[in-house]
Structure formats: structure tokens, C-alpha cells
Amino acid sequence: MSATEAATGTTCWSCGAAAEGGHFCAKCGAIQKLPRGTDHFAFFGLPRQLWVEMGELEKKFLQLSWKLHPDRFGKASDEEREMSLERSSQLNDAYRVLRDPVARVEYLLSLEGMRKEGATKQQAPPELLEEVFELNESLDELRSAREEHQGAAQTAGLRGRLEEAARNFEARLTDVDAQLMTAAKEWDATVGSGDATAGRAALAKMNEILNRRSYIRNLVRGVAEELGTE
């Protein structure tokens, strides 16, 4: 029996022992196919919770990196060598996402069908409308000054206002990140309680916070790009 044929079975494709889940057969050590749809959390044997003990995550990552390294499968079958390459790639993808708190939230929301790339047009948060309007006016002034070939001396005051605005928005990013982590704790609590209604509310809250975060981050990036063109 090939590894592919045993991918959805209950026995090891190599030795026929009862499959116990995980990346390797407990009896012969052969790499095993994971169930279809295994997400990054399940890959590391974690529940879909947003608090992750980073030391333990790193430990699992290093252990699996060594066990799955293609060099260890030099004498294995072509199929098992291919499995090790594929699994190593999955490992790196999962670790890259789970080690980053914000990426972890974004990934969870995508799993739960709450976040789709390009599905929602970004809009300025209501509480930032006035600041965003002033920022855009200053950016337009800077672009006009550049078209008129004004030098740094003439635009120093304008640049100063933009730099201050960028610092203010960066401070808001810090606040937004704190709000996101609070909402993440609310989600984790619902995972333990099984309260589906509270869970959906927590997901919606995190999605709204992420939208604000993305908008503010793009503002800061836009200012930095404009100032960098001088």
C-alpha cells in the first residue's frame, strides 16, 4: 500500500500498525499523511486558541524541523521524500503564522470565514475622519510643492506636520494592538466554554479591529513613502 492510498486510512501505510494520528507512525517512524484540511493549529497539535506558549511552539518547530528534514529521507522512497519536502514547507508556513500574534488572528478569522482578501473596501474609522482629512490635505500640499520644485527648506514645516501625524497614528496602532489582544482573550474564553454566540461576537470584534489596524497602518506607510520621495 502506498502512502497516498493510506492517507485517509486508519493504519500506517508502511508497517500496517494502527494509526494514532500525528506526523509519524509510532511503531516504525514512517512519515504519515495528515487528514485533509489540517490547519496550522492542528499541525502543531494546538486548539484554535489565540494564546500560544511561544517557547513550546518553538520547541515543537525545531523538533519537527529536524525530524522532517529532507536529508533524513535520502534512502527513503521517492514518495516519502516528496512527503518530507511537502511537510517541511507546511511546517514553515504554520510556524510563520502562529508565531506572529496579528497574523495568528488574521488566520483564525480566515478559517472561520470572517476575513476574505479584497472582500471589503477599507473605510476611515469614524473617530479618525477629521485627522485623516487633515493628513490628506497635507499630503496634497506636499505633492503640489514637489511639482513646483520647492526645496526642503520651503517644505520643512509641512514635512514636520506629516511626521508628527505619522507618529500619532503609530501610537494609535499600539492602542489598536492592545484592543486586539483583549478581544483575542475573549475568543479564547469562548473556546473553553463552547458559547457559540459569544464566539461569533468575539470574531466580529476582532475583524473590526483588524480593519481599523490595516487602515491606520496603510496611512503610516503612505506618509513614509511620500516623505521618502523628497
Side-chain angles (χ1 to χ4, degrees), residues 1-117 181 183-200 202-203 206-207:
M1 181 184 296
S2 72
T4 302
E5 292 170 334
T8 58
T10 58
T11 61
C12 170
W13 65 271
S14 180
C15 69
E20 299 178 4
H23 297 278
F24 304 94
C25 173
K27 182 177 180 180
C28 72
I31 189 171
Q32 301 294 296
K33 282 280 188 178
L34 294 177
R36 185 182 299 275
T38 297
D39 60 49
H40 293 342
F41 294 98
F43 190 97
F44 279 101
L46 299 171
R48 282 191 184 181
Q49 289 182 307
L50 293 169
W51 185 87
V52 174
E53 206 292 302
M54 297 309 298
E56 188 62 25
L57 179 68
E58 183 179 12
K59 179 181 177 181
K60 288 182 179 180
F61 170 72
L62 293 175
Q63 289 174 339
L64 287 172
S65 292
W66 180 76
K67 291 181 178 180
L68 292 168
H69 198 284
D71 289 350
R72 300 190 69 244
F73 295 86
K75 296 182 180 180
S77 66
D78 291 343
E79 189 167 13
E80 195 169 6
R81 284 199 298 273
E82 182 64 29
M83 289 170 66
S84 74
L85 288 169
E86 179 182 341
R87 192 67 53 82
S88 292
S89 177
Q90 291 174 323
L91 171 65
N92 291 328
D93 289 343
Y95 183 65
R96 185 184 66 252
V97 169
L98 295 185
R99 71 179 178 179
D100 183 301
V102 176
R104 203 155 60 229
V105 173
E106 290 179 327
Y107 180 68
L108 173 69
L109 289 172
S110 70
L111 289 177
E112 297 291 337
M114 296 288 292
R115 199 161 187 82
K116 296 180 180 179
E117 190 68 28
M181 294 305 103
K185 291 179 181 178
E186 294 173 4
W187 161 260
D188 285 355
T190 70
V191 174
S193 68
D195 188 337
T197 300
R200 299 304 292 180
L203 290 170
M206 288 189 291
N207 193 49

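Because the structure is a prediction, the values reported are computed rather than measured. Keep in mind that the numbers below use all heavy atoms, side chains included, and drop hydrogens, waters and symmetry copies.
For Asp188, there are no side-chain hydrogen bond (donor to acceptor under 3.5 Å, both in side chains) partners two or more places apart in sequence or in a different chain. Residues passing the side-chain hydrogen bond (donor to acceptor under 3.5 Å, both in side chains) test with Asn92, sequence neighbours excluded: none. With sequence neighbours left out, Asp71 forms a salt bridge (charged side-chain N to carboxylate O under 4.0 Å, His left out) with no residue at all.
Sequence neighbours left out, not one pair with a member in residues 68-88 passes ring pair (Phe, Tyr, Trp, His ring centres under 6.0 Å). Sorted by first and then second residue, the pairs that involve residues 94-110 and meet salt bridge (Lys or Arg N to Asp or Glu O under 4.0 Å), not counting sequence neighbours, are Asp93-Arg96. Pairs passing the side chain to side chain donor-acceptor pair (under 3.5 Å) check and including a residue from residues 49-63, sequence neighbours excluded, do not occur.
Counting heavy atoms from C-beta on, the side chains of Leu111 and Phe41 come closer than 4.5 Å. Leu203 is listed as a side-chain neighbour of Leu108, based on a closest heavy-atom distance under 4.5 Å. Counting only heavy atoms from C-beta outward, the side chains of Met114 and Met206 never approach each other to under 4.5 Å. Residues Cys25 and Cys15 form a side-chain contact, since some pair of their non-hydrogen atoms from C-beta on lies under 4.5 Å apart. Ser84 is not listed as a side-chain neighbour of Arg72, based on a closest heavy-atom distance of 4.5 Å or more. Side-chain contact between Lys67 and Arg87 is absent, with no heavy atoms from C-beta onward closer than 4.5 Å.
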- prompt: Can Trp13 and Glu79 be said to form a side chain to side chain contact (heavy atoms under 4.5 Å, CB included), step by step?
  reply: CA-CA 11 Å; Trp13 65 271; Glu79 189 167 13; 5.8 Å; no

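Using the six-membered ring where Trp is involved, Tyr95 and Phe44 have ring planes that are tilted, between 30° and 60° apart.
Interatomic distance, OG of Ser110 versus CG of Asp39, reported as 9.0 Å (0.5 Å rounding). How far CG of Leu50 is from CD of Glu186: 11.5 Å, rounded to the nearest 0.5 Å. In this structure, Gln32 CD and Thr11 OG1 are separated by 8.5 Å, a value rounded to the nearest 0.5 Å. The structure places NE2 of His23 at 5.0 Å from CG of Leu64, a figure rounded to the nearest 0.5 Å.
Thr190 places no side-chain N or O within donor-acceptor distance of the main-chain N or O of Asp195, the cut-off being under 3.5 Å. Between the side chain of Tyr107 and the main chain of Val97, no donor-acceptor pair closer than 3.5 Å is present.
Closest non-hydrogen pair, Thr38 versus Ala42, comes out as CG2-CB, 3.8 Å. Counting all heavy atoms, side chain and backbone alike, Leu34 lies closest to Gly22 at CD2-O, 3.9 Å.
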